[in-house]
Amino acid sequence: SKLSKFMSKVSFDDFTIEMVRSYEDYMVNTLGNTGNTVWKSMKFLRAMINRALITMPNTPNPFTTEKYTYKQTLRTYLTEEELGLIEHQAYNTNIDEKLRTLAQLFLLSAYTGMRFSDVGKINTGKIIQGEKIVVQTNKFGQVISIKIHNKLKKLLEFTNNDFKVP
């Protein structure tokens, strides 16, 4: 976890306002985390501290002065027309193979909702189980199952389930 990389051994007594601020600085400046990622990490940490403080009411809470807020972000997406242009390139055998493969990997990510770091794993019959793709994600190690819909099925058939990451 991020916390264990920040401090190899952590005890409850280590959680001071200075430590919380230092941990925030570590997440932002060393890990490159942005505001909402820091907020999520601190939200979890605050919840654990608050649970522990129930049994230790006279212990100071390092989060009493620190406030972390979630900021709503503007989601961006492709239009149907833009996605259609990428689909055209994914099936175009007259373009550079690396460009075609990149378009295929992008579509695989778009069609499944998987992170780009995970789509390269879909290259064997073991991953495709019947009408589903079953894969363990890189970021959280979760096993996910995705139904293969028509556009995804067409892409998998065109590539013979073999996505070579360029």
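If you chain together hydrophobic residues whose side chains sit under 4.5 Å apart, I95 and L107 never meet in one group. By the rule that hydrophobic residues join a cluster once side-chain heavy atoms approach within less than 4.5 Å of another member, L85 and F158 end up as members of separate clusters. Hydrophobic clustering (side-chain heavy atoms under 4.5 Å, transitive across Ile, Leu, Val, Met, Phe, Trp, Tyr) groups V28 together with Y70.
Stacking of K154 on the aromatic ring of Y91 is recorded, both the 6.0 Å distance cut-off and the 45° axial limit being met.
Taken to the nearest 0.5 Å, the CE atom of M114 stands 7.0 Å off from the CD1 atom of I133. Note that OG1 of T59 is 12.5 Å distant from CD1 of I54, once rounded to the nearest 0.5 Å. Atom OG1 of T69 and atom NZ of K43 lie 12.5 Å apart (nearest 0.5 Å). In this structure, CD1 in I17 is found 9.0 Å from CG in N61, a value given to the nearest 0.5 Å. One finds the OG atom of S41 at 10.5 Å from the OH atom of Y26 (value rounded to the nearest 0.5 Å). With values rounded to the nearest 0.5 angstrom, M19 atom CE is found 6.5 Å from L45 atom CG.
Classification of the F12-F15 ring pair by plane angle, with boundaries at 30° and 60°, yields tilted.
For the residue pair A90 and R100, the shortest heavy atom distance occurs at O-CG, 3.3 Å. Heavy-atom minimum distance, S145 versus V134: OG-CG2, 4.1 Å. Taking both residues in full, the closest heavy atoms of F63 and I49 are given as CE1-CG1, 3.9 Å, listed atom of the first, atom of the second, then distance. Minimum heavy-atom separation, Y23 to L3: OH-N, 3.4 Å. Here the shortest heavy-atom pairing between V20 and Y68 reads CG1-OH, 3.5 Å.
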(message) Does L83 form a side-chain contact (heavy atoms from CB on, under 4.5 Å) with F106? I'd like the steps, not just the answer.
(response) CA-CA 10 Å; L83 192 58; F106 179 86; 4.3 Å; yes

(message) Would L152 and L108 count as a side-chain contact (heavy atoms from CB on, under 4.5 Å) here? Give the steps.
(response) CA-CA 7 Å; L152 181 55; L108 184 59; 3.5 Å; yes

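Side-chain atoms of S22 never come within 3.5 Å of backbone atoms of E18 as a donor-acceptor pair (strictly under, hydrogens ignored). Remark: the backbone N or O of R115 is not paired with any side-chain donor or acceptor of S109 at under 3.5 angstrom. Side-chain atoms of T137 come within 3.5 Å of backbone atoms of Q142 as a donor-acceptor pair (strictly under, hydrogens ignored).
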Identify all side-chain donor-acceptor contacts of residues 31-39 below 3.5 Å with residues at least two apart in sequence or on another chain.
residue	atom	partner	partner atom	Å
N33	OD1	K2	NZ	3.1
N36	OD1	K71	N	2.9
N36	ND2	K71	O	2.8

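Surrounding CG of N150 are at most 12 heavy atoms belonging to other residues, nucleotides or ligands under 6.0 Å away. Within 6.0 Å of the CD atom in E80, the count of heavy atoms belonging to other residues, nucleotides or ligands does not exceed 12.
The shortest distance between side-chain heavy atoms of I86 and L78 falls below 4.5 Å. Counting only heavy atoms from C-beta outward, the side chains of T30 and D25 never approach each other to under 4.5 Å.
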